[in-house]
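Some notes on the structure that comes next.
Computed from a predicted structure; not experimentally measured.
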Amino acid sequence: MIDKVFAGRYRITEKIGIGGMAEVYKATDEVLGRTVAVKVMLPQYASDETFAVRFKQEAQAAANLQSPYIVNIYDWGYEETSKTYFIVMEYVRGTDLKTAITQRGAINQRKVAEIGAQVAAALGVAHSYDIIHRDIKPQNIMVQPDGNAKVMDFGIARFNSANLTQTGSVLGTAYYVSPEQAQGKELTSATDIYSLGVVLYEAVTGRVPFDGPDAVSIAVKQVNEKPTSPRAFDNTIDPGLEAIIMKAMSKNTADRYRTADEMRMALGEYLQGKPIPTAHSEARTQVIKTPAVVPPAAATAVMPELSGGATYTRAGGGSGGSGKKKSSSSTPVVVTLVVILVALIAGIGIYLAFFANGEGTIEVPRVVGMTEENARVQIEQAHLVVGEVTQENSETVEAGLVISQSPAAQSRVAEGTKVNLVISLGTGNVEVPNLVGLTRAEAEALLAELGLVYEAGESRADPDVESGKILSQNPPAGSKVAEGSKVVCVVSTGPESVMIPNVYGMWKTDAEVQLTAAGFVVVYAEEIYSSLDAGRVANQDVIGQGTRGQTITLTLSKGPEPTPTPMVTVPNIVGMDLNAASNALASQGLVLDYSGDVTGKVVASQTPAAGSSVERGSKITAVFE
């Protein structure tokens, strides 16, 4: 497949993945000179009309979706020689979210919320076209080097009005399917919202909410079991973010966000530090709900597929059990207990709402005048979260103490609300020096002379600042702070180390596109003879790890070195007739050249002269008289 050209323009350069029904290759668009991804349907599915329709549907479903968070579809078609379909799409650099979770475990909460908001924005666009993705999972979310996410693989997406599959069929990955999808019910956009909730759950905890030995057991749990609270695994998870995830994962579609855009706005409010209503009061009323149960016959119809995880299809319906219905004398007792439980829950809710001195459930502690450390302890003990912490000069508040807080002390808020703090820098009698460009040791020594304290911030890569040197500081140079104040310094780790693509054997254009796209500068050495075709890369001076902006020298092939033509000695043909002269030259691999009628004549002179050394195949000119 490598070096094969699709549609006369997409040259395959590298295999980058395989899914349930297709392989994905990196390729170069030789018309536009850009790198693309080409998804090629596996041959065994190309002849199956059902798979072919679904494959073409992916291209049609995604082609018109314009969003910075959706992988663009450029082209699609049928390849005659391979007898299969292909889709050409945007080549996205980065890693899929599943790989990131597998490698790192739980991901930073704010990053999870940012990715969730971007995926929700993508789904909002798709849903506006009445398109349901139906396979939202971390494997289908690419996280790019700049941190932004892109949703891909609309392979089982379906126009809500389309009818390409039998009623009751279920497609998707078991870990992420909604309860209604697991039961083969009619799907709405709410199914994508549920799946996104599961993705965020896994990203923030490092584990899926439901697991099991096979797709069937996982599907049953999706329908019947309530997920464990993310905070049960990590109590540092923000209650507001947890509330968003749990709302999205509600078993009842009516309890989820009404639209993907509504979920996106909720995640946006969380990122802005706005209070997010937690699900505690909702949980109290949801206790009495009876979840749907997967019928045994339906459960046995669930079968695994091959799509990057435990995927499955429900092939048919049917009712479970033997058809006999058992009556139970305990039913009235159960109803009575449920009524009593509802009354108790309602009573608790009324008490909290009307007798707790406010709408919220928690009183914000007074931390003004405390040290930042003590303030954090008080806030966290109150089941609240420390929000943004800023610093200001103050003529009245000692350096290091809290000047103000928001929300104010004694106000009542929901559990998990953020409390923002302003910390005093004191009277500001010491000017902060410029530390940018210094080493940590140099900065510490300089600050110590001024009575200030060095504090290390999070290091980060920077192409312009040498590793080990300070690239930013807070407070900035020139600020007036109190003696003993901390100066937070961010140290550079140097240019970001990246993998240099190995372009040996590629055509010049393909190699240059790959290297420049990865951030490298390409120069060329003198061409050499090699076994490769002329125009292919015969040598690359650096491979492995490199830094963006680094120069990579390529040497192109001139093709195989030509074989030298052997030299021969010219025989003496003077005095010979035409036949004799021609034979004498032919014996040395030479050719007789003459003109006119030479019948009855002999060679009077020859050029080159006898004894000369010439290449085999050369012409010897003779004059006959």
*Please examine the side chains of I136 and N140, heavy atoms only from C-beta on, and report whether any two atoms are closer than 4.5 Å.*
no
*Go through I101 and I107 one step at a time and tell me if the side chain to side chain contact (heavy atoms under 4.5 Å, CB included) criterion holds.*
CA-CA 7 Å; I101 296 171; I107 295 174; 3.8 Å; yes
*So, for L592 and A622, which heavy atoms are closest and what is the spacing to 0.1 Å?*
CD1-CB, 3.7 Å
*Qualifying residue, where the test is side chain to side chain contact (heavy atoms under 4.5 Å, CB included) with V112 and the options are L200, V199, L267*: L200
_Option from V36, T13, V40 for which side chain to side chain contact (heavy atoms under 4.5 Å, CB included) with Y25 holds_ = V40
*Is there a side chain to side chain contact (heavy atoms under 4.5 Å, CB included) between V591 and L585 once you walk through the steps?*
CA-CA 6 Å; V591 179; L585 293 176; over 6 Å; no
*asked:* Any heavy-atom pair between the side chains of V602 and E625 that's under 4.5 Å?
replied: no
*Rounded to the nearest 0.5 Å, how far does CG of N434 lie from CD of Q473?*
5.5 Å
_T259 and D261: CA distance, side-chain angles, deciding distance, side chain to side chain donor-acceptor pair (under 3.5 Å) verdict_ = CA-CA 5 Å; T259 65; D261 285 332; 5.2 Å; no
*Are the charged groups of K558 and E527 less than 4.0 angstrom apart, N to O?*
no
*Between NZ on residue K469 and OG1 on residue T439, distance to nearest 0.5 Å*: 7.0 Å
*Looking at side-chain heavy atoms only, is the closest gap between Y176 and V208 below 4.5 Å?*
yes
*Counting heavy atoms not belonging to I528, are there more than 12 under 6.0 Å from its CD1?*
yes
*For Y78, does the OH atom sit with more than 12 other heavy atoms under 6.0 Å from it, leaving out its own atoms?*
yes
*Could you pull out the closest heavy-atom pair between M499 and F520, with the gap in Å?*
O-CE1, 4.1 Å
_Contact summary for Y201 and R207, nearest pair of heavy atoms_ = CD2-O, 3.6 Å
*Measure across V204 and A106 and return the closest heavy-atom pair with its distance rounded to 0.1 Å.*
O-CB, 3.4 Å
_Would you compute the distance between atom CG of D510 and atom CG of D3 and round it to the nearest 0.5 angstrom?_
7.5 Å
*Looking just at side-chain N and O atoms, do Y175 and K137 make a donor-acceptor pair shorter than 3.5 Å?*
no
*Give the minimum heavy-atom separation between S178 and T191, together with the two atoms involved.*
OG-OG1, 2.6 Å
*Just one of T28, D75, D29 clears the side chain to side chain donor-acceptor pair (under 3.5 Å) bar with Y10, so which one?*
D75
*Between the side chains of E79 and T81, is a donor N or O closer than 3.5 angstrom to an acceptor N or O?*
yes
*Could you walk me through whether D593 and T621 pass side chain to side chain contact (heavy atoms under 4.5 Å, CB included), step by step?*
CA-CA 5 Å; D593 183 27; T621 303; 3.5 Å; yes
*When you measure from the centre of the six-membered ring of Y594, is the NZ or CZ of K601 under 6.0 Å away and within 45° of the axis?*
no
*Give the minimum heavy-atom separation between V143 and G147, together with the two atoms involved.*
CG1-O, 4.0 Å
